[in-house]
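Any value given below was found using the heavy atoms of this structure, including those in side chains, with hydrogens, waters and symmetry copies removed.
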Number of protein chains: 2
Amino acid sequence: MRTSRDDGPAALLRLVATGQAESRAELARLSGLAPSSVSLRVEQLIEAGLFAEEGAGASRGGRRPRRLRLARQAGAFLVADLGAHHARLSVVDLAGAPLALDELACDIAVGPEETLTAVIASLRSLAHAHGLRDVPVRGVGIGLPGPVDPATGQVVSPSRMPGWNDFPVRDFVADHAGVPALIENDANLMAVGEHRHSWPALDNLMVVKLGRGIGCGVIVDGRLHRGRGAAGDISHVRILSEATVDCSCGHPDCLEAHASGAALAAALGAHGIEVERPAQIVDLVTDGVPQATSAVRTAGRLIGDVLTGLVNFFNPDALVIGGSLSEAETLVSTIRGVIYERCLPLATRNLEIATSRAGRDACILGAGHLLLDRSDAWIDHILDR
Amino acid sequence: MRTSRDDGPAALLRLVATGQAESRAELARLSGLAPSSVSLRVEQLIEAGLFAEEGAGASRGGRRPRRLRLARQAGAFLVADLGAHHARLSVVDLAGAPLALDELACDIAVGPEETLTAVIASLRSLAHAHGLRDVPVRGVGIGLPGPVDPATGQVVSPSRMPGWNDFPVRDFVADHAGVPALIENDANLMAVGEHRHSWPALDNLMVVKLGRGIGCGVIVDGRLHRGRGAAGDISHVRILSEATVDCSCGHPDCLEAHASGAALAAALGAHGIEVERPAQIVDLVTDGVPQATSAVRTAGRLIGDVLTGLVNFFNPDALVIGGSLSEAETLVSTIRGVIYERCLPLATRNLEIATSRAGRDACILGAGHLLLDRSDAWIDHILDR
DNA sequence: CTAACTTCCTTTGATTTCGAAGTCAAACGG
DNA sequence: CCGTTTGACTTCGAAATCAAAGGAAGTTAG
C-alpha cells in the first residue's frame with residue numbers, strides 16, 4: 001500500500017487516521033523515522049490540534065504506550081456519491097469513517113450547476129444537523145457515474161450525464177465549497193474504498209461495479225490507476241451473442257448492452273416483468289423467477305468471459321465484485337466459475353474472487369481515503385503557523 | 001517516470017547515467033536536494049570512482065557547468081536475452097548502452113544448468129574480448145521467453161522451456177556469476193527498454209512483442225507491472241474463429257494458437273510454404289505472396305480485437321508493437337485500424353500506436369535499466385568504505 | 001517482593017541536510 | 001573594455017534528523 005510521501009507530518013497523520021499506528025513507537029516503526037523525531041512531530045501535531053492523547057494503551061510487555069488518535073477538531077471531509085437519480089451524502093472524519101449519512105433524491109440530468117449546488121448545500125446542512133459546525137471542513141469529494149479527466153477535474157463524454165460534458169466540476173465545487181475538491185469516477189472510488197477497507201495488504205486489485213451500468217476500478221501497486229481518465233472501462237468490449245444489440249457508444253454488442261442492470265431490466269421487460277431498479281433484479285433471482293435467473297446467468301457468463309482476458313493481462317491479487325447486482329449469488333458464482341475455468345492457472349492460483357466487503361459505502365470510504373492522501377498541503381499549512 | 005528512491009547517492013548516479021543531468025546544478029534541480037548537498041555527494045561519488053569530471057559544458061548565460069559523467073571504472077552489467085534457439089549477449093555500461101554485442105546459438109531445451117553456464121561463460125569472454133577486464137561487473141540480467149515469478153526469480157510453468165519449471169534461475173545465476181542477478185520475462189524487458197529509451201515522458205505503456213509467440217509487457221505509472229509474475233499475458237485470450245485450434249494451454253482458440261508467428265508458420269506450411277523463422281514471414285509479405293498477406297491480415301485483426309478491450313481497460317498513453325513480426329507493415333496497420341475503429345474515443349484520442357523504436361536491442365536496454373534501478377545496494381556499499 | 005527484562009518515550013550530542021549569502025566564470029551590452 | 005546580469009558552484013551558520021543512552025512504567029519469573 002502506497003500513499004503520497006512516506007515522511008512528513010501528513011504521513012504520521014495518515015498512519016494514525018488509518019489505524020495503522022496508535023502510539024509514538026508504532027509511528028516510528030512504520031514511518032522509518034527516529035523515535036525522537038516522531039516525538040517532536042507528534043508534539044507539533046498535538047499543539048496544532050490535529051492529534052489528541054487518549055490515556056494509555058495495552059502493554060506489550062513493557063511500558064504502556066500513550067495512545068494517539070485524531071482530534072475531533074482535526075477536521076472532516078464532505079463526500080457525495082452521485083447516481084443517476086439519487087445521491088448518497090456523508091460527512092466523514094479524516095479516517096474516512098462516516099460521521100453522518102444521508103440520501104438525496106436528485107436527477108443528475110438537470111445539469112451540473114443545479115445538481116452540485118444542491119449537493120453542496122445538503123452536505124453543509126447534514127454536517128450542521130450532526131453538531132459538526134465547529135469541525136473544520138478540509139475537503140469535498142464527489143463521485144460521478146462517468147469518466148473524469150484526472151488532469152482537469154472535468155467529466156469527459158459521459159454517456160448518461162447530459163449537460164455535464166467538459167463542465168469544470170472540480171473548479172466549480174472547490175469555488176462553491178471554499179475547500180479543495182476531489183472529483184472521481186464512482187467505480188474508481190469504490191475500488192479505493194474496497195482496497196483500503198478490506199484488502200489493504202494486497203497491491204493489485206480489480207473492482208467491478210455491477211449496477212445499472214458496468215464499471216471497474218483498478219488498483220495497481222497500491223494506487224488507483226487512472227490512465228488518461230478512462231482506465232477501467234470494461235463495458236464496451238465486444239462480446240459474441242446471438243441477437244445483436246446496439247450500444248449507446250455506437251458499436252454493436254458491447255458488454256454493457258447485454259449484461260448491465262439496464263440491459264437485464266430491458267430483457268425482463270420484454271417478458272412482461274417490469275423492473276425499475278437493479279436491486280429488484282436481485283429480488284427476482286432470490287425469489288426464483290426463472291426468466292430472471294436465466295438472464296442473470298447469461299449476463300454472468302458474458303461478464304466472466306470479458307474478465308478472463310483482463311485477469312490474464314493484469315494478473316491481480318484479487319477481483320472484487322460490487323454494486324447492487326453483486327448481491328445476486330447466481331451472478332457472482334457464474335462469473336467465478338467462468339474465470340476459474342478459463343484463465344491461466346498462473347493467473348488464478350492465488351487469485352481471490354470475492355464480493356464487496358465495504359458494501360454500499362465503499363465509494364464514500366474511497367473518497368475519504370483519497371482526500372486524506374491529498375492532505376499534505378493543508379496539514380503543512382496548519383503546522384507552519 | 002519513477003525508479004527506486006528519489007534521494008540517496010544512487011538517485012544521482014541514475015540521473016547522470018540516464019543522461020537527464022550533466023552538472024551539479026541539474027542534479028540539484030532534478031533530485032530536489034539542496035545544491036550544497038549535491039556538491040557533497042558528487043564529491044563522494046568522484047572519490048569512489050563512480051563519477052568523472054569532464055571539462056566544462058555549454059554556458060546557459062552564466063558560469064559554465066562542470067560536466068559530470070559516469071567513470072568508465074564505475075562498472076558494467078552483463079546481459080543476455082534468451083530465445084528458443086539463440087541468445088543475444090551484451091556487455092552494457094551502467095547507463096544501459098551496449099559496449100559489446102554478440103550472439104550465441106543455444107537450444108534452451110537442453111535445460112537451465114547447461115544453458116545458463118554457457119551464457120555466463122560467453123558473457124565473461126565477451127567482456128574480456130573487448131578489453132573490459134578491469135571494469136567491475138555489477139550485475140547480470142537474463143531475459144527469458146516465459147513467465148518469471150518476481151518473488152523467487154524462478155520460471156513458472158513455461159510452455160516452451162522443458163526442464164526449467166521451478167528451477168531457481170536467479171540464485172543459480174547469482175551464484176555462478178558472483179554478482180546480483182536479475183531474471184525477467186523477455187516481453188517485460190522489452191517494455192522497459194522501449195519505455196526508457198523511446199518514451200521516457202509517458203507513464204503508461206503497453207508493449208506487444210510479436211514473434212514466434214505473442215508477449216506483452218506493461219508499464220504503469222512509469223514502472224514495470226508484474227502482477228504475480230504472469231501480468232501481460234495476452235496470448236491465451238479466447239477469440240472467435242471459424243476453425244477451432246487447440247492451444248498448448250489446453251483451451252481451444254487462444255489468440256496464440258491463431259495469430260502467433262508459430263501459428264502463421266503452420267498455416268503457411270499447410271499451403272506448402274515452408275517457414276522456419278518469423279522474419280521469413282515478413283519477407284513473404286514484403287514480396288507480396290498472397291497467402292502470407294492474407295494470413296497476416298487475419299492475424300492482425302485477431303490481435304487488434306484482443307487489444308481493443310485491453311486498451312479500453314488500461315487506457316495507456318501509447319501502444320508499442322515490437323518483435324520480429326512488427327516489421328510487417330500490413331500487420332501493424334491492420335492492428336492499428338481495428339483499434340482506432342473499435343476502441344472508445346476516450347481511450348484513443350491521445351493514444352499513440354507505434355512500432356518499436358529501440359529495435360532488436362530493446363530487451364538488453366531494458367535489462368540495463370532495471371539493473372541500474374536496483375543498484376542502490378552496491379552503490380551505498382562502495383561509498384561506505 | 002525483588003530483580004531482570006521489555007517496551008515506550010525523552011534527552012542529548014553528533015551528523016546530515018538545508019537555505020541564504022557569497023564566490024566564480026561566463027555572456028551580454030553599452 | 002568594463003560594469004551588469006546570469007547561471008554554476010561553495011561556504012557557512014541554522015535547522016532538522018538521527019543514533020545512542022537514559023529514564024519511565026510496565027510485565028515476568030523466582
Side-chain angles (χ1 to χ4, degrees), chain A residues 4-16 19-48 50-69 376 379-385, chain B residues 5-13 15-16 19-48 50-69 376 379-385:
Chain A
S4 295
R5 295 217 326 279
D6 271 4
D7 50 356
L12 298 188
L13 194 137
R14 263 191 290 274
L15 287 170
V16 170
Q20 295 179 74
E22 245 191 359
S23 68
R24 292 164 174 78
E26 284 177 332
L27 281 173
R29 279 194 291 268
L30 291 172
S31 69
L33 271 61
S36 46
S37 307
V38 170
S39 274
L40 271 175
R41 285 249 247 271
V42 167
E43 194 63 29
Q44 292 172 0
L45 285 161
I46 290 176
E47 268 175 34
L50 295 180
F51 275 6
E53 266 186 341
E54 186 176 49
S59 165
R60 300 199 304 162
R63 174 178 173 174
R64 292 162 63 187
R66 299 162 67 181
R67 285 174 61 196
L68 298 170
R69 60 169 180 78
D376 291 65
I379 293 174
D380 288 349
H381 183 256
I382 288 181
L383 293 174
D384 275 354
R385 274 175 323 181
Chain B
R5 294 217 326 278
D6 271 3
D7 51 355
L12 298 187
L13 194 137
L15 286 170
V16 170
Q20 295 178 74
E22 243 191 2
S23 67
R24 291 163 175 77
E26 285 176 332
L27 281 173
R29 278 194 292 270
L30 291 172
S31 69
L33 272 61
S36 46
S37 307
V38 170
S39 274
L40 273 174
R41 287 258 181 77
V42 167
E43 196 62 29
Q44 293 171 1
L45 285 161
I46 291 176
E47 268 174 33
L50 295 179
F51 276 5
E53 265 185 342
E54 187 177 50
S59 165
R60 300 200 302 163
R63 173 176 174 176
R64 292 162 63 187
R66 298 160 67 180
R67 286 174 61 197
L68 298 169
R69 60 168 179 81
D376 291 65
I379 293 174
D380 288 349
H381 185 255
I382 289 179
L383 293 174
D384 274 354
R385 279 172 325 173

Take atom [atom1] of [X] and atom [atom2] of [N], then tell me their distance rounded to the nearest Å.
{"X": "A/Leu12", "N": "D/dT17", "atom1": "CG", "atom2": "P", "answer": "10 Å"}
{"X": "B/Arg66", "N": "C/dA25", "atom1": "CZ", "atom2": "P", "answer": "10 Å"}
{"X": "A/Arg64", "N": "C/dC5", "atom1": "CZ", "atom2": "P", "answer": "24 Å"}
{"X": "A/Arg29", "N": "D/dA19", "atom1": "CZ", "atom2": "C1'", "answer": "17 Å"}
{"X": "A/Glu22", "N": "C/dC9", "atom1": "CD", "atom2": "C1'", "answer": "16 Å"}
{"X": "B/Leu40", "N": "C/dC18", "atom1": "CG", "atom2": "P", "answer": "10 Å"}
{"X": "A/Glu53", "N": "C/dC9", "atom1": "CD", "atom2": "C1'", "answer": "10 Å"}
{"X": "A/Leu33", "N": "D/dC18", "atom1": "CG", "atom2": "C1'", "answer": "10 Å"}

Can you list the steps and then say if B/Leu50 with B/Gln44 is a side chain to side chain contact (heavy atoms under 4.5 Å, CB included)?
CA-CA 9 Å; B/Leu50 295 179; B/Gln44 293 171 1; over 6 Å; no
Just by distance, do the side chain of B/Arg67 and the backbone of B/Ala56 share a donor-acceptor pair under 3.5 Å?
no
So does A/Ala58 get a backbone contact from the side chain of A/Arg64, meaning a donor-acceptor N/O pair under 3.5 Å?
no
Reckon [X] has a side-chain N or O less than 4.0 Å from the OP1 or OP2 of [N]?
{"X": "B/Arg60", "N": "D/dA8", "result": "yes"}
{"X": "B/Ser59", "N": "C/dA25", "result": "no"}
{"X": "B/Ser39", "N": "D/dT10", "result": "yes"}

Quick check for you: among C/dC18, C/dC8, D/dC18, whose closest atom lies nearest to any side-chain atom of A/Pro65?
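Of the candidates, C/dC8 comes closest.
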Let's see if you can work this out: which of D/dT17, D/dC9, C/dT17 has an atom nearest to the side-chain heavy atoms of B/Arg24?
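So the side chain of B/Arg24 is nearest to D/dC9.
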Answer yes or no: is there a side-chain heavy-atom contact under 4.5 Å between A/Leu68 and A/Glu53?
yes
Quick one: the side chain of A/Ser36 and the base of D/dA19, do they pair up donor-acceptor inside 3.5 Å?
yes
Between A/Arg63 and A/Arg41, who's closer to the 5' end of DNA chain D by nearest nucleotide?
A/Arg41
For A/Ile46 and A/Arg24, which heavy atoms make the closest approach, and how far apart are they?
CD1-NH2, 4.0 Å
Return whichever of A/Gly61 or A/Ala25 has its heavy-atom-nearest nucleotide of DNA chain C closer to the 5' end.
A/Gly61
